[in-house]
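Proteins get letters first, then strands, A, B, ... in listed order; numbering begins at 1 in each.
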Protein chains: 4
Amino acid sequence: MHLAGELFAEKGFRATTVREIADAAGILSGSLYHHFDSKESIGDQILSEFLTDVLAGYRGVDTDDPRAAIEQVVRASTATLSRHRAALTMLQRDWNYFSAQPRFAYLREAMHEIEQVWITLFERGKRDGQFRSDLDAKLTYRLLRDVLWMPTSWRQGEGGWQPDEVVDGFLRLLFDGITARNGSTARN
Amino acid sequence: MHLAGELFAEKGFRATTVREIADAAGILSGSLYHHFDSKESIGDQILSEFLTDVLAGYRGVDTDDPRAAIEQVVRASTATLSRHRAALTMLQRDWNYFSAQPRFAYLREAMHEIEQVWITLFERGKRDGQFRSDLDAKLTYRLLRDVLWMPTSWRQGEGGWQPDEVVDGFLRLLFDGITARNGSTARN
Amino acid sequence: MHLAGELFAEKGFRATTVREIADAAGILSGSLYHHFDSKESIGDQILSEFLTDVLAGYRGVDTDDPRAAIEQVVRASTATLSRHRAALTMLQRDWNYFSAQPRFAYLREAMHEIEQVWITLFERGKRDGQFRSDLDAKLTYRLLRDVLWMPTSWRQGEGGWQPDEVVDGFLRLLFDGITARNGSTARN
Amino acid sequence: MHLAGELFAEKGFRATTVREIADAAGILSGSLYHHFDSKESIGDQILSEFLTDVLAGYRGVDTDDPRAAIEQVVRASTATLSRHRAALTMLQRDWNYFSAQPRFAYLREAMHEIEQVWITLFERGKRDGQFRSDLDAKLTYRLLRDVLWMPTSWRQGEGGWQPDEVVDGFLRLLFDGITARNGSTARN
DNA sequence: TATGAATGAGATTTCATTCAT
DNA sequence: CATGAATGAAATCTCATTCAT
């Protein structure tokens with residue numbers, strides 16, 4: 001349910017009451033239970049759809065060039081993430097709560113698969129000589145994920161940036177950093 | 001209260017019950033109220049100490065060189081943030097909850113002051129020719145803050161990185177990106 | 001409805017939900033209301049059919065000899081009860097619930113009629129000298145009814161007894177007790 | 001809690017609400033949870049105390065003579081049962097509900113131990129020649145238990161019998177039946 | 001200061017029943 | 001007749017907070 005996701009994103013999963021969801025849907029709280037088994041099954045549905053979508057994006061990479069692959073992953077991620085903004089916020093905010101439950105074991109599995117994709121790309125780029133040889137693949141992934149996966153709410157509206165601007169700015173920063181230089185390599 | 005902060009960091013502010021805090025302290029829940037007015041006053045105390053400390057770090061910058069200043073700010077932030085991991089998690093997770101309350105108005109003010117410091121540094125670096133002239137100062141700040149302010153739990157232990165390694169990796173990424181190049185400009 | 005009765009017997013009237021009955025019938029819960037006015041009307045139908053049947057058995061006694069009459073009543077009761085196991089369990093388990101409602105006033109009336117039959121037989125047997133003169137008719141009836149009316153689930157299958165074996169065992173116990181004696185007076 | 005047991009006995013475990021218990025105790029429903037973890041833990045406490053007491057009575061038999069032992073068991077049972085009238089009714093009424101839960105596994109175990117005591121006594125009496133040799137020990141136990149364990153509510157007040165009268169009537173019935181005879185063997 | 005019983009508001013969930021289609 | 005969405009009352013339970021001792 002889309003409405004529920006918005007509320008979970010805005011107020012947090014625990015802090016959002018079933019009654020608030022029902023109110024937003026224009027029905028009584030008890031009536032929600034015709035559509036869902038429990039509050040947690042709503043969260044389950046939102047999160048599992050989200051991760052299925054994210055993984056599909058990662059698996060759709062169709063190039064062997066690490067730099068190009070990273071660009072594809074970033075653009076795919078960003079698109080997916082903005083489509084599932086609510087789910088992403090839920091995941092960030094209540095990761096400890098969700099990931100501790102057996103029902104949500106797939107969260108850890110999906111995150112692990114995602115990490116592997118990034119690390120593999122970094123390592124390949126280092127062997128190719130395309131990336132700095134002293135790059136710590138795992139550390140870099142962790143730092144990146146923090147940016148890419150940050151609740152994207154501020155990326156729309158508030159700052160007035162278009163999604164593409166944010167992605168371009170991010171890729172530029174990722175490949176080249178902020179230092180001025182002759183002949184930048186970013187942005188094909 | 002330090003114990004309370006740890007619990008808030010682990011389970012979230014809302015999800016942590018007063019009884020859990022009291023249990024951790026080895027007293028009964030009712031007895032907590034001899035030490036604190038309310039659960040929110042515990043949160044208030046933790047968060048305000050945290051932000052006071054962060055701002056002190058930002059105000060301690062003692063150089064006019066943007067690049068050096070950014071390094072100082074990053075190192076100071078990282079140190080402060082790792083000292084207040086609990087507070088940081090609380091802020092991230094329940095930002096909407098806290099920032100909506102008049103009692104926590106200082107949160108927005110502090111965040112605004114921090115943003116101004118970064119933007120000023122970026123703009124000065126662009127004028128100096130030290131940073132790329134097409135850098136979007138505000139966007140870059142937002143992207144950076146996401147990394148710097150991410151709950152840092154993963155940065156210790158799990159990956160086995162020392163704090164300095166994380167900071168260095170971050171600065172290197174920030175200044176130079178991941179692309180290989182002759183004559184890196186990063187430190188050490 | 002037979003399905004409903006089985007469920008009431010298995011889980012109790014209160015604990016059985018309308019949806020469970022509908023599920024067992026292969027329809028949706030709302031559709032049940034095309035067949036019945038309410039959950040209680042299902043209970044009403046089951047219980048009234050049961051008691052009608054029981055009373056018919058009691059009224060069918062066609063001998064004046066108390067001992068023979070008791071045998072007839074016991075055999076008739078046992079047969080009826082095993083045909084209405086579900087109803088019997090409902091009556092036992094939720095007697096307080098049903099008997100407090102005006103709709104189910106006939107329950108008390110039927111039970112009273114049954115008690116009168118037994119007491120009359122005992123008193124007649126005492127006058128005849130067939131039964132012990134110190135027999136407390138009412139107390140004996142109460143003790144007996146407890147056995148006869150016990151939910152008979154254990155009497156089938158589990159122990160492997162045939163219905164006749166149970167009845168014979170009961171009658172033998174009733175007439176002679178457990179003590180060994182020369183020349184038993186029990187049947188077969 | 002004694003009050004809760006009375007209500008459970010009167011209305012059934014499921015049908016008794018936590019609020020009714022709290023009302024009876026003169027507190028609010030939420031306040032009950034200072035004393036008990038859950039409604040079921042109240043039931044647990046009541047039932048386990050009851051069965052502990054019953055088993056103690058059975059284990060206290062101090063004679064090898066089957067007839068005397070049965071009398072001891074009956075008298076002990078009756079005393080215990082009347083002390084735990086509420087628990088007994090709960091057990092009868094909601095046996096299916098309780099015994100299906102892992103938490104209440106001890107119920108089945110206790111009932112099994114009790115059954116063994118009776119069967120052993122009957123078998124010994126048959127070998128001694130004291131009881132009828134054609135007595136079905138298990139069937140007789142089941143019939144007896146139905147009487148002894150029937151909710152004893154009616155045994156007080158309504159009929160006006162003293163507990164001893166009921167026990168004596170029961171024992172007389174058990175040993176000798178209802179048939180008139182020269183020289184009864186009942187009642188030492 | 002600590003205890004522990006109690007409060008009272010509110011959360012999630014259940015369920016018999018209704019009704020437009 | 002059946003569906004399935006919705007109702008609304010009520011049930012169990014949680015939890016921050018208070019207060020007499």
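- Less than 4.0 Å separates DNA chain F from no heavy atom of any residue of residues 97-106 of chain B.
- Not a single salt bridge (Lys or Arg N to Asp or Glu O under 4.0 Å) links D:E109 to another residue, sequence neighbours left out.
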**Asked** Can you give one letter per nucleotide of nucleotides 6-12 of chain E, 5' to 3': B if a protein heavy atom sits under 4.0 Å from the base, S if only from the sugar-phosphate, - if neither?
**Response** BBB--SS
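- Under the side-chain hydrogen bond (donor to acceptor under 3.5 Å, both in side chains) criterion, the residue pairs touching residues 13-39 of chain B are B:K11-B:E20, with sequence neighbours excluded.
- Partners of D:R93 under the salt bridge (Lys or Arg N to Asp or Glu O under 4.0 Å) rule, at least two apart in sequence or in another chain, do not exist in this structure.
- Legend: residues meeting salt bridge (Lys or Arg N to Asp or Glu O under 4.0 Å) with B:E10, ordered by chain and number and at least two apart, are absent.
- Summarising the geometry, the separation between CD on C:E40 and P on E:dC15 is reported as 16 Å, rounded to the nearest angstrom.
- When all heavy atoms are compared, the tightest approach of B:G43 to B:M90 is CA-CE, 3.9 Å.
- Under the rule for a side-chain contact (heavy atoms from CB on, under 4.5 Å), the partners of A:A9 that lie at least two apart in sequence or sit in another chain are A:A86, A:T89.
- As a whole-Å value, the separation of A:F36 CZ from E:dT14 C1' is 18 Å.
- Going from atom CG of B:D23 over to atom P of E:dA2 covers 15 Å, rounded to whole Å.
- Under the rule for a salt bridge (Lys or Arg N to Asp or Glu O under 4.0 Å), D:R108 has no partner lying at least two apart in sequence or in another chain.
- Residues meeting the side chain to side chain donor-acceptor pair (under 3.5 Å) test with A:E49, sequence neighbours left out: none.
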**Asked** In dot-bracket notation, what is the pairing pattern of DNA chain F, taking Watson-Crick (N1-N3 plus N6-O4 or O6-N4) and G-U wobble (N1-O2 and O6-N3) contacts under 3.5 Å, with [ ] crossing and | for other strands?
**Response** .||||||||||||||||||||
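- In this view, A:N96 satisfies the side chain to side chain donor-acceptor pair (under 3.5 Å) rule with no residue, not counting sequence neighbours.
- Among residues two or more places apart in sequence or in another chain, the ring pair (Phe, Tyr, Trp, His ring centres under 6.0 Å) test is passed with D:F13 by D:F8, D:Y97, D:F98.
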